[in-house]
Amino acid sequence: MEVRIEDLVKRFDDVIAVNKVNATFESGKLIALLGPSGCGKSTMLNMLSGIMPVTEGKIYFDDRDVTMLSPDKREVGLVFQNYALYPHMSVLENICFPLKIKRVPKAERIEKAKEYARMVHIDDYLDRLPKELSGGQQQRVAIARALVKQPKLLLLDEPLSNLDAKLRVEMREEIRRIQRESGVTTVFVTHDQEEATSISDYIMLMKLGVKQQFAKTRNLYNDPANLFVADFIGNPTINQLHGIYEKGNFRPDAYENAIPIGRYQIEDGSRVVFASRPESVIVEKKNGKTVMEVEETYVSGKDTLCVLKAGDGRLRAYVDNDSAPQEKDLVSVSFRDRGVFVFNEESGERYYE
Amino acid sequence: MNKKTKRYNGGRDPDEKFEASMIGKIALFLGPFMLGIVIFTIYPFINAFLMSFKENFSILRNTFSGWGLANYRKVLNDPIFLSGLKTTIKYVVIVVPISLIISIVIAVLLNNTRRFKAILQTAYFMPLVTSTAAISLVFRFIFANEGGLINKIITTLGQTQINFLGTNRWSEFVLYIFGIWNILPFTIILLLAGLQNIDPQYYTAAKVDGAKTLDIFTNITVPLLSPTIALVAIVNSISAFKVFDYVFQLYNKPGPGYNLYTIIYYIYEKFGGTKPQYGYAAAASIVLFFIIAVFTLLQRVLQKKTNY
């Protein structure tokens, strides 16, 4: 089912939690609502589920306007952050509950619950109470309970935040597998960019209630709409140097030499932020071009992360282990075309070539 | 807990063993309380227990003819005691479940209401802060024969008035209402506390699943409240088994026709009166004690079962 939101607004007294958000979630895809805390992502999810009334705007499921419908009439499945499994019911009873409410005959609902329990790999624990399960197992039960009524939209609120690091990686792959298997349009909320980029098809990045960018996951990294997006996505974070744009050159405040960056549609003398992904920084033996000093090096797997001193600023660059410079070395720095962006310093808007 | 220990220890290692002087301090603080318990609870209990086995016991001369079960034999074969037991059990069986059901409904409604909360809280709190003696006077007025509120309504409606306080059948009825009304506030407070412990997320989850108010009540609220319900049911049963004061305050005797003669009334009469029989009274007390003990055990089992 396709989900379309139009000019969605949520206001709490004087605070605007969600501000005029428009988006279309393609049917059958896994979509992440990403952003720092207080960005309105959970509010968005609650409005999609119908738990929270909408202040302004419309929500459409396919062509049906569901803005004013109560949660049960929207046919959504919701997985809560702390799972909200009914503590007095066994795993099987928990999964059966939505069907019991719909007055599905007992034999039928047990059969169906078992089917979904198998899908989420929890079928060995049907008689256990929630308190007898680990966090990951509770998560699986919560997903099965949300899926058993065959919702048109599955919503997950910070599904992995209550799990330990190792389980988190395992469960996020599980969520992706379950989503693929069931084919249900899924929206999940997270503040962890790695979590969002690793499993979702699309990401909506939000900040202070405003949509920053809604795009395919890959594009968010390769083609950020503004400085906030470029800064939020990617680990280690994108390099940022502040300075002035002049005739195809960037003059950093913190560094004496101009860096040639090519022609952008920017007035000469404008203040800009020059941002570069660590893997887009080319580090070579000192050859007279932009020279910087290597401050620190960190070996991580097959690459070495070099921290370069650009005056008062710092640049991080990934270098192959074999050709990695030593600390205190002087090196020449240049940039690839990919992964290098120029933003308006004040508004954070991106400039294009 | 840990924080407190640290503060009292003034930065010393919290695992450090208590010093001898600490034990003296502890004894000083706990002493008066322990003394009170020993004098007013433990000693009388042991004494009553022993007394119940002393045959032909005279409290003035402190003599008895020997140890034995004669008192128990007498009490358990005493038709007055047995009818008292019957009256008491009937009281428990009627008052406890009805008051519990009313309390659950009121507590759930109170928990869900935003408006009139202050007025409602005062209203249900009233019986708890008013003396039962005063309330019993009000009840006597309400149910009085001539000029009683209810009889006035009845006669206005053209019916013949009912002798609520003077007949066996109706006096029992008034006692039950009085008992239920008195037990409500305490029960409601405990249930409200229980309700506030239920994570509201369960209600949201159930609503998303399409559950209606009644579904939520039967499938979520009542099961999650069951530990509190079990506790309240047992505590109320225990206090209902000891019913005496309500009868006394309403009628100044065990009902108009000695029809509301409860176990405590039996014990009360055997201890006092013109011809006290302490042995019988002690034996009856111990019988009541064991009935209550069974309920207490029941409560422990139920609470373990409903511990999620």
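Residue numbers begin at 1 in each chain, while the letters A, B, ... track the order of the sequences.
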Give the interface residues of residues 48-81 of chain A toward chain B, defined by a heavy-atom separation under 4.5 Å. A:Ile51, A:Pro71, A:Asp72, A:Val76, A:Leu78, A:Phe80
Relative to each other, are the rings of B:Phe178 and B:Phe139 parallel, tilted or perpendicular (30° and 60° limits)? perpendicular
Compare every heavy atom of A:Thr190 with every heavy atom of A:Lys41, then report the nearest pair and how far apart it is. CE-O, 3.2 Å
Taking the side chain as every heavy atom from C-beta outward, state whether B:Ile37 and B:Phe33 have any atom pair closer than 4.5 Å. yes
Within residues 139-158 of chain A, which residues come under 4.5 Å of chain B, heavy atom to heavy atom? A:Arg145, A:Lys149
For the student: nearest non-hydrogen atoms of B:Phe241 and B:Leu288, plus distance: O-CD1, 4.0 Å
I'd like to know if A:Arg172 pairs up with A:Glu170 as an ion pair, taking the criterion as any Lys NZ or Arg NE/NH1/NH2 lying under 4.0 Å from an Asp or Glu carboxylate oxygen. no
Can you name the nearest heavy-atom pair linking B:Leu192 to B:Ala107, along with the distance? CD2-O, 3.6 Å
Side-chain heavy atoms of B:Tyr246 within contact of B:Val243, under 4.5 Å: yes
In terms of the angle between their ring planes, are A:Tyr86 and B:Tyr202 parallel, tilted or perpendicular, with boundaries placed at 30° and 60°? tilted
Tell me, do B:Leu195 and B:Ile198 make a side-chain contact under 4.5 Å, heavy atoms counted? yes
Where along residues 93-115 of chain A does a heavy atom come under 4.5 Å of chain B, listed by residue number? A:Phe97, A:Pro98, A:Lys100, A:Ile101, A:Arg103
Would you tabulate the side-chain donor-acceptor contacts of residues 23-40 of chain A under 3.5 Å, counting partners in other chains and residues two or more places apart, or write 'none'?
residue, atom, partner, partner atom, Å
A:Glu26, OE1, A:Tyr202, OH, 2.8
A:Ser27, OG, A:Met1, N, 2.8

Between A:Glu132 and A:Gln137, is there a side-chain heavy-atom distance shorter than 4.5 Å? no
Any side-chain heavy-atom pair of B:Ile102 and B:Ile106 under 4.5 Å: yes
Centres of the B:Phe45 and B:Phe289 rings: under 6.0 Å? yes
